[in-house]
2 protein chains.
Amino acid sequence: MPDALRKFKATIFQALAHPTRIAILETLRGGELPVSIIIERLMLEPANASQHFAVLRAKHIVTRRKAGSQVYYSVRDPLILEVLDIMRRYFQVHLEESLSLLKEAEREETERILMTTVCT
Amino acid sequence: MPDALRKFKATIFQALAHPTRIAILETLRGGELPVSIIIERLMLEPANASQHFAVLRAKHIVTRRKAGSQVYYSVRDPLILEVLDIMRRYFQVHLEESLSLLKEAEREETERILMTTVCT
DNA sequence: TTCGCAATTGCGAAAGTCCTAAAATAAGGT
DNA sequence: ACCTTATTTTAGGACTTTCGCAATTGCGAA
């Protein structure tokens, strides 16, 4: 079942493939935190944050604990944080390409905005 | 620029978030290989494979070398393979949940197929 | 040049992701 | 019971991803 395993890995990567979710996981690096704090620190819309939590929950990447009126999240396995760490090293090593990639993404975004603006 | 860094990480994860691309990278673990061999080993449609190569190239995850009529690909930085390794450990540790996740995905897929079959 | 193989590219349909805004749920306090 | 706060869910529309198929490019051989 090597292909099934790859499918599994792919779904985990998919769950990690969003800046907000990465930010959430990094915020949880120090341990469990309530939603309110995470939202405040990252300046997120509650609804939006909750959707990202749902994605992370669906893949069992985070654990949810309810205490009173607040909900606490934590990273289930530090291995996930290790993956994030390796990515940081990767970023540092490829600093140059990384930056050009980022610039490219930005450029594309402004282009897109221009396009939609023009076409409206 | 912590958010820019997260965006960068996210795009790399996005590139890894597909079973076929994971399979390609694992096939390249031993070093450079021509497209023809990769396609053969993984039983891929050439066009489809090429699209996945394009994704990996766009993120600078693989390097392309042309020799005669053949094209060779290789993984640019073994750090990427390390990420894959960690994911394998992650899979082993969470074997139980992983399997249920896989089953769930399968079930959804068969449901989808049933639905489309019924609705046609 | 012309043929044939290797690999890529372009295109349209189907499915998936993401965001915002509105509505729903849950728990506590008055 | 009612109101407020915390969090989640739903619904919609915009955008992106993926696939298969057809068309195209690049290169070596005849």
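Here is how names work: the chains are called A, B, and so on, in the same order as the sequence lines, proteins then strands, and each is numbered from 1. All values reported here derive from a predicted model rather than from experimental measurement.
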>> Looking at A/Glu26 and A/Arg21, is there a salt bridge between them, counting it only when a charged N and a carboxylate O are closer than 4.0 Å?
In response: no

>> I'd like to check the salt bridge (charged side-chain N to carboxylate O under 4.0 Å, His left out) partners of A/Arg41; sequence neighbours left out, ordered by chain and number.
In response: none

> Starting at NZ of A/Lys66 and ending at P of D/dT5, how long is that distance when rounded to a whole Å?
Replying inline: 18 Å

> Going through the distances and angles, do A/Arg64 and A/Glu32 end up as a salt bridge (Lys or Arg N to Asp or Glu O under 4.0 Å)?
Replying inline: CA-CA 9 Å; A/Arg64 197 178 110 114; A/Glu32 194 185 57; over 6 Å; no

>> I'd like to know if the side chain of A/Thr27 reaches the main chain of A/Ala23, judged simply by a donor and an acceptor atom lying under 3.5 Å from each other, with no hydrogens or angles considered.
In response: yes

>> Using Watson-Crick or G-U wobble geometry with both distances under 3.5 Å, which nucleotide pairs with D/dT7?
In response: C/dA24

>> Does D/dC19 have OP1 or OP2 under 4.0 Å away from a side-chain N or O of B/His52?
In response: yes

>> Can you measure A/Leu56 atom CG to C/dC18 atom P for me and round it to whole angstrom units?
In response: 11 Å

>> Counting only heavy atoms and a strict 4.0 angstrom limit, can you tell me which residues of residues 15-22 of chain B come near DNA chain D?
In response: B/His18, B/Arg21

> Got a sec, which residues hit salt bridge (charged side-chain N to carboxylate O under 4.0 Å, His left out) with B/Arg29, two or more places apart in sequence or on another chain?
Replying inline: B/Asp85

> Can you check the B/Arg6 CZ to C/dC18 C1' distance for me, whole Å?
Replying inline: 18 Å

> Partners of B/Asp77 by salt bridge (charged side-chain N to carboxylate O under 4.0 Å, His left out), sequence neighbours excluded?
Replying inline: none

>> In this structure, how many angstroms lie between the C1' atom of D/dT8 and the CG atom of A/Leu44, rounded?
In response: 15 Å

> Taking protein heavy atoms under 4.0 Å as touching, what does nucleotides 1-11 of chain C look like 5' to 3' if B marks base contact, S marks sugar-phosphate-only contact and - marks none?
Replying inline: -----SSBBBB

> How many Å lie between CZ on A/Phe13 and C1' on D/dT18, as a whole number?
Replying inline: 19 Å

>> Any heavy-atom pair between the side chains of A/Val83 and B/Phe13 that's under 4.5 Å?
In response: yes

> Which whole-number value in Å describes the distance from A/Leu33 CG to D/dT7 P?
Replying inline: 12 Å

>> Over 60° means perpendicular and under 30° means parallel, so tell me whether A/Tyr90 and B/Phe8 are parallel, tilted or perpendicular.
In response: parallel

> Mind checking what makes side chain to side chain donor-acceptor pair (under 3.5 Å) contact with B/Gln51, not counting sequence neighbours?
Replying inline: none

> Within this structure, what is the CD-to-C1' distance between B/Gln14 and C/dC18, rounded to whole angstrom?
Replying inline: 12 Å

